[in-house]
Structures are given as C-alpha cells and as structure tokens.
Number of protein chains: 2
Amino acid sequence: MGKVYTIHDIAIRLNISKSTVSRALRNHPDVSKETKMLVHDMASKLNYQKNILASNLASKNTNLIGVVIPEIARQHFFAQALSGIQKVAKEHGYIVMVCQSNEEFLEEINQVNALVNSRVAGILISLSKETNDYKHIQNAQDRQTPVVLFDRGTDKIEISQVLVDDYKGAYEITNHLIQQGYKNIAHLSGPMSLSISQKRYKGFMDALKDAGRSTTDAYVLQCDNLSLDAKEATERILGLKKRPDAIFCMSDYMAIQVLKELKSNGVKVPEDIALAGFAGDPITEIVEPQLSTVEQPAFDIGVQAAKRLIMEIETDDRETLGFIHKILNTNLLVRESTT
Amino acid sequence: MGKVYTIHDIAIRLNISKSTVSRALRNHPDVSKETKMLVHDMASKLNYQKNILASNLASKNTNLIGVVIPEIARQHFFAQALSGIQKVAKEHGYIVMVCQSNEEFLEEINQVNALVNSRVAGILISLSKETNDYKHIQNAQDRQTPVVLFDRGTDKIEISQVLVDDYKGAYEITNHLIQQGYKNIAHLSGPMSLSISQKRYKGFMDALKDAGRSTTDAYVLQCDNLSLDAKEATERILGLKKRPDAIFCMSDYMAIQVLKELKSNGVKVPEDIALAGFAGDPITEIVEPQLSTVEQPAFDIGVQAAKRLIMEIETDDRETLGFIHKILNTNLLVRESTT
DNA sequence: ATGAAAGCGCTAACAG
DNA sequence: CTGTTAGCGCTTTCAT
C-alpha cells in the first residue's frame with residue numbers, strides 16, 4: 001500500500017530542490033558530500049525508486065536492450081546466445097528484454113516496433129525463417145536505434161552481424177562423411193529464406209563437388225516443418241529406391257527427429273544409415289547413438305553481438321563506426337552416429 | 001537518418017491541436033471520422049511511432065508484463081510456460097519482457113526491481129532456488145505492481161500463485177514404483193528451499209508410508225548441483241551396500257544425468273535399477289530407455305498465471321479481489337524405465 | 001554547490 | 001467534436 005515517492009518528495013523533506021536531489025542520486029560531481037548523504041539516506045528511508053520512464057524520457061536514452069529471437073525453447077543455441085548477451089549487457093549496465101517472434105515475420109515486425117517505440121537503446125535480432133523483407137529493421141535503424149543481427153543474418157541490408165561460419169561447418173561435416181566412406185549422402189535442409197540454410201546447403205554441395213561427387217543426384221530435401229516435417233522427410237528417404245547411406249541434417253533438432261523415426265523403422269544408425277546434425281546441442285550427446293554435429297560458439301555469438309551493439313549504442317559517431325560482419329568458427333564433433 | 005516525429009509535428013502540419021491528434025491516434029470516439037483519417041494518413045506518411053515512454057508516463061500505466069524465471073534454457077518447462085504467458089499477454093495487448101535470475105537470489109532481486117522501476121504493469125515470477133526472503137516481492141506489491149508466482153511458490157507471503165500438484169505427482173509416481181514391485185526406492189531431491197522439492201519429497205515419503213514401507217531407511221539424497229550433482233549422487237547410490245532397485249529423481253533434468261551415469265557404469269535401466277523423473281520434458285521420450293515421468297501442464301500454468309496477473313492488473317479494486325492459489329493437476333507417464 | 005525554469009512526448013480533465 | 005491547460009517524474013541548461 002506504500003505511496004510511491006518521487007524526487008519531489010525527498011526534496012521537500014530535505015528542503016532542497018528537485019535538481020539537487022536528481023544530481024545527488026546520480027552521483028553528480030557538483031553535489032556536496034553532505035547533501036549526497038542526506039539525499040541517499042532519505043531515499044532509502046522512503047524506499048525511493050527512480051521512475052525509469054520519466055528518467056529516460058527526459059534524458060532521451062535508455063538502458064534497455066531488446067532481443068528478438070525466433071524461439072526461446074527447443075533450440076539450445078538461442079538460450080546459450082542469450083546468456084552471452086545477458087552477461088555483456090549486465091557488465092555494461094543494460095537490462096535485456098527478450099521477445100519471441102515464433103518464427104513469424106509479422107510477429108517479428110511487431111516486436112521490433114514495440115521495442116523501438118519503447119525507446120530501447122538497441123536491438124539484437126536473429127531473423128525469423130519467414131523474414132525476407134527488412135523494412136522493419138531499416139526502419140529501426142532510421143529511427144536511431146542500432147540493430148545487430150546474430151546467427152541469422154542477411155546480405156540484403158547494411159547492418160552489423162555476428163554469424164557463424166555455416167558454410168565451413170557444413171563443408172567440414174560433409175567432408176567427414178565422405179572420408180568415412182559414405183557414398184550416397186542426403187541432406188535435409190531448412191527453409192531457404194534462412195541464410196544459415198543456404199550456407200549449410202552450399203557447404204554440403206561444395207564438399208561433394210570438391211570430392212568429385214556428382215551433386216546432381218545428391219538427395220536434398222527442404223524441410224521447414226510446415227510443408228514437410230522431419231518425420232515425413234525421413235519416410236521419404238527410406239522409401240527411395242537408391243537409399244542414402246548417410247543423412248546430414250541442417251540442425252540437431254531435425255537430426256533428433258530423424259533419429260527417432262529411423263529407429264522406429266528399425267533402421268540402425270550408423271550401420272544402416274549414418275546421421276549428422278548441426279548446432280552442438282547437448283542433446284546430441286545424450287541420444288543413442290551420440291550424434292556427430294557441428295558445434296557453434298553460441299555463448300560467444302551472444303557476447304560478440306552484444307559487445308558490438310553496445311559499441312554502436314555508445315559511439316557518438318555512428319556514421320564513421322560503420323558496420324561489421326563477424327564470422328565465428330565452428331568445431332566438428334565426430335561421434336558414434338557417423339563412425 | 002530519419003527525424004523522429006511526434007504528435008506535435010503532425011498537429012502542426014494538420015493545423016489542429018496535439019490533443020486531437022493524440023485522441024485520433026488512440027481511436028477515441030470523440031474524434032470525427034475525417035480528422036481521424038487525416039491524422040492517420042499524416043502519421044503513416046511521417047512514419048510516426050508513438051513514444052511509449054511518454055505515453056506511459058502520462059497515462060501512468062504500461063502494457064508491459066515482466067517475467068522472471070530461473071533459467072530460460074535447459075528446462076523445457078519454463079519455455080513452455082513462457083509460451084503460455086505470451087499467448088495470453090498478446091491476446092490482452094501486453095508485451096512481455098523476460099528476465100533470467102540464473103537461480104540466483106541477488107539477480108532475482110535486481111530483475112524485479114528493474115521491472116518495477118520500468119513501471120511494468122505486473123510481474124510473473126518463478127522463484128530462484130536461492131530465494132528464501134521475499135521482501136523484493138512484497139516491495140513490488142507495495143508499489144502497486146501486481147505479482148503472481150508460478151510453478152515455484154511460497155507460503156511465506158500473501159500472493160497469488162499458480163502451481164502444480166507436486167505432492168500428488170510425486171506420490172503417484174512413487175506409488176507406481178511400489179506397484180511395480182520395487183522394494184528399495186531412492187529419491188534424489190532438489191534444494192529444500194524450493195517449494196517443489198519439498199512437496200515432491202513429501203509425496204515420495206507419504207507414498208512409502210502409505211504402502212507400509214519403512215521411510216527411515218529410504219535413501220534420500222539432496223542434490224542441488226552445487227554441493228552435490230547428479231553424477232556424484234549416482235555414484236554414491238551405486239556404492240551403497242544395499243543398492244536401491246529404483247530411483248525417483250525430482251526432475252527430468254536430473255534423471256537424464258543419472259541415466260547417463262548409470263549407463264556408463266554398465267547398470268541397466270530398468271533391469272538393474274528403475275528410474276523415474278518429474279516434469280514431462282520431451283527429452284524423456286527421446287532417451288533410451290524412455291523415462292517414466294510426471295507430466296506438468298506447463299503451457300497451461302503460463303496461461304493461468306498470466307490470466308490471473310492481468311486480472312489483478314486491470315481490476316479497480318485489488319483489495320477485494322484478493323489472492324488465489326491455483327493448483328493444476330499432473331499426469332503420470334509410465335514408460336520403459338520403470339517397467 | 002544549489003536553484004529556477006523549461007521541456008522530454010504524451011494524456012487528461014475541463015471548457016467551449 | 002476540438003482546443004487549452006496542466007501535468008506525469010525526471011533531466012538539463014542557465015543563473016546565482
């Protein structure tokens with residue numbers, strides 16, 4: 001039932017001006033030690049809490065960082081990246097607010113706009129798989145809100161991005177499959193609107209090509225959980241007259257589903273079909289057989305992206321700071337499912 | 001580089017007053033169709049976006065709901081609950097901002113205070129496992145910010161809570177173990193600061209008692225990942241002279257780790273030792289053997305908690321609305337690991 | 001070192 | 001239906 005006190009209240013009680021209180025509270029050098037003491041004491045006595053809305057409105061800046069990710073759950077990657085973001089944000093005195101786009105374009109637009117309107121200091125986005133238009137992002141930037149993309153980027157607009165070397169990661173694991181002697185490698189790719197799908201697909205194809213394999217008969221299924229889910233895709237693969245002896249899935253999440261489906265069809269991994277994923281989700285270590293995958297530096301992506309965003313927020317010359325593309329390395333994890 | 005326009009800008013251009021613009025934008029009935037048209041047109045022409053800070057400051061309310069959860073990842077439960085929260089929030093025009101306490105008390109306090117200071121309309125909290133003092137929550141309520149606890153509650157303060165029937169869930173799965181003929185059931189409990197640990201522990205003990213079992217020699221290990229992690233706990237159990245023939249873990253997360261450890265020690269589940277978890281995490285269906293567990297209505301918890309919070313936010317008589325304790329039912333999932 | 005005054009961008013009586 | 005006038009609670013010149 002407590003009244004909510006303002007600087008006014010404490011100014012009155014101390015018989016000084018609002019301005020002085022405001023300064024004292026922010027530890028402004030122009031305030032005497034004694035006044036500061038008095039103010040702080042009174043503040044804690046009244047349990048004063050600064051109204052951040054008012055503060056931000058007046059000072060025209062906030063300590064909020066908005067994060068928009070496709071989904072918070074299921075993908076261990078985002079959770080990890082988020083931790084990285086939060087670590088850095090905290091160190092620099094920012095609070096992060098997280099929004100989910102649920103992989104929906106319209107929802108992403110909504111969230112971004114809501115964040116901009118809430119006058120966040122900056123925004124970190126990992127694009128939804130439906131996103132193929134970037135006006136909302138452009139718009140945010142135009143409205144002086146720095147934006148940094150992480151993990152899922154685009155070349156269509158000028159913007160800082162912190163990504164993973166998806167191409168190389170896919171290339172390496174495909175190559176590993178080839179080295180292991182698998183002759184007929186299928187690829188379950190993701191929606192091609194996603195940069196990561198494209199790059200992983202390309203890495204896959206190039207690895208085949210470079211090994212002198214025909215890429216024309218490489219069996220690729222685009223699997224986006226809408227028109228085609230992993231379960232169905234697996235069935236199709238199993239139904240092929242020339243059944244692949246290895247499957248490279250563009251994500252661990254897919255790989256897990258495929259594994260489940262293979263098992264329930266009595267197909268042995270890796271004896272009958274080898275299986276590889278992408279992400280480095282901890283679950284790949286738990287399933288049987290353990291899944292080979294491409295480990296991503298998820299936490300570090302978050303860290304780098306947040307650091308860059310904060311730099312863009314705090315610079316006084318955005319113009320000459322420009323944009324960066326940072327590509328982080330992956331790490332091939334060879335496990336039971338491909339050996 | 002775009003200038004950021006305000007209602008003032010559009011008022012000037014249209015030669016009307018700010019108030020009318022403000023009203024038109026909010027679709028106030030007192031504004032003529034034509035003016036509304038003009039205003040909206042001009043607004044979109046200038047790409048006007050309302051400054052929510054100013055709006056909220058003036059109207060003294062926000063459309064933000066803060067959520068504080070121990071951790072966003074790893075526990076599928078929270079992700080699910082969050083989805084439920086977001087669904088309801090969206091339906092009612094609220095935006096949710098999510099904060100992690102990382103299971104740390106101090107971090108929880110920080111997050112709650114930050115949310116209150118940002119003048120969120122209300123807060124949903126699932127307590128950290130370190131939390132045993134509730135001043136920060138009391139404080140938020142005192143400052144007119146409704147708070148609802150979900151999943152992890154407490155009886156120490158008067159507050160609305162949406163919980164799961166942990167006691168009954170634990171009782172039932174323990175009973176199932178007993179029915180299956182397991183004679184020596186161990187329990188890996190969680191930190192006793194957590195209401196859910198206590199209730200699950202009690203459910204376990206009572207089930208034994210009611211079956212006429214001696215509870216004094218029931219082997220219970222309190223396992224909080226700090227003083228004792230699941231791996232170590234498993235080793236201890238395996239080292240027992242009178243080795244248990246079943247283990248009931250207070251969480252699926254624990255159960256998975258135990259399972260891993262049992263396997264790596266060549267112990268067969270359920271032949272040598274049966275294993276059960278709690279939560280209904282999808283991972284329990286993926287591991288081998290599939291884990292018996294107690295399914296929680298995670299999404300629904302989120303839904304109910306959010307609904308209640310919004311009710312408390314929007315009521316004009318908080319006093320007589322009072323608090324509620326809502327206990328949702330669980331569902332026993334019997335699978336391979338206990339049969 | 002402190003105060004007075006203006007204003008951030010919006011909403012909300014109150015008039016008319 | 002529209003305009004005028006005050007604020008919301010804080011920051012920020014500009015004086016003193």
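Treat the numbers as computed from the prediction; the structure is a model and nothing was measured.
- Side-chain atoms of B:Ser118 come within 3.5 Å of backbone atoms of B:Ala114 as a donor-acceptor pair (strictly under, hydrogens ignored).
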List the atom pairs, with distances to 0.1 Å, where a side-chain N or O of residues 82-89 of chain A and a protein N or O form a donor-acceptor pair under 3.5 Å, not counting sequence neighbours.
residue	atom	partner	partner atom	Å
A:Ser83	OG	A:Ala79	O	3.2
A:Lys87	NZ	A:Glu91	OE2	3.1

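- Sorted by first and then second residue, the ring pair (Phe, Tyr, Trp, His ring centres under 6.0 Å) pairs with a member in residues 103-160 of chain B read B:Phe105-B:His136; sequence neighbours excluded.
- By the salt bridge (charged side-chain N to carboxylate O under 4.0 Å, His left out) test, A:Lys50 is found to be paired with no residue, residues two or more places apart in sequence or in another chain being considered.
- For DNA chain C, the outermost nucleotides in 5' to 3' order that have an atom under 4.0 Å from a heavy atom of chain B are C:dG9 to C:dC14.
- Recorded end-axis angle for the helix from C:dA1-D:dT16 to C:dG16-D:dC1 stands at 30°, based on five pairs per end and rounded to 10 degrees.
- Note on B:Ser32: a side-chain N or O is less than 4.0 Å away from OP1 or OP2 of D:dT2.
- For residues 48-64 of chain A, proximity to DNA chain C is found at A:Leu57, A:Ala58, A:Lys60, defined as any non-hydrogen atom under 4.0 angstrom from a strand atom.
- Within the structure, salt bridge (Lys or Arg N to Asp or Glu O under 4.0 Å) contacts touching residues 54-69 of chain B (residues at least two apart or in different chains) do not occur.
- Counting only distance, with no hydrogens or angles, the side chain of B:Glu103 and the backbone of B:Lys129 share a donor-acceptor pair below 3.5 Å.
- Every residue two or more places apart in sequence or in another chain was checked for a side-chain hydrogen bond (donor to acceptor under 3.5 Å, both in side chains) with B:Thr315, and none qualifies.
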Pull out every protein N or O sitting under 3.5 Å from an N or O of nucleotides 13-15 of chain D, one pair per line with the distance.
residue	atom	partner	partner atom	Å
D:dT13	O4	A:Arg23	NH2	3.1

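- Comparing A:Ser22 and B:Lys33 by the nucleotide of DNA chain D that holds the closest heavy atom to each, the one mapping nearer the 5' end is B:Lys33.
- Distance CD (B:Gln144) to P (D:dG9): 13 Å, rounded to an integer number of Å.
- Annotation: side-chain hydrogen bond (donor to acceptor under 3.5 Å, both in side chains) contacts of A:Ser128 (sequence neighbours excluded): A:Thr131.
- Following rounding to the nearest Å, B:Ile7 (CD1) and D:dT4 (P) show an atom-to-atom distance of 14 Å.
- Look at CZ on B:Arg119: it is 7 Å from P on D:dC10, rounded to the nearest Å.
- The phosphate of D:dG3 (OP1 or OP2) has a side-chain N or O of B:Ser17 nearer than 4.0 angstrom.
- The side-chain hydrogen bond (donor to acceptor under 3.5 Å, both in side chains) analysis of residues 37-47 of chain B, with sequence neighbours excluded, yields the pairs A:Asn139-B:Asn47.
- Across all strands shown, A:Arg26 has heavy atoms under 4.0 Å from base atoms, whether or not it also approaches the sugar-phosphate.
- Rounded to a whole Å, the NZ atom of B:Lys36 is 13 Å from the C1' atom of D:dT2.
- The side-chain hydrogen bond (donor to acceptor under 3.5 Å, both in side chains) check on A:Glu314 picks up A:Tyr94, with sequence neighbours excluded.
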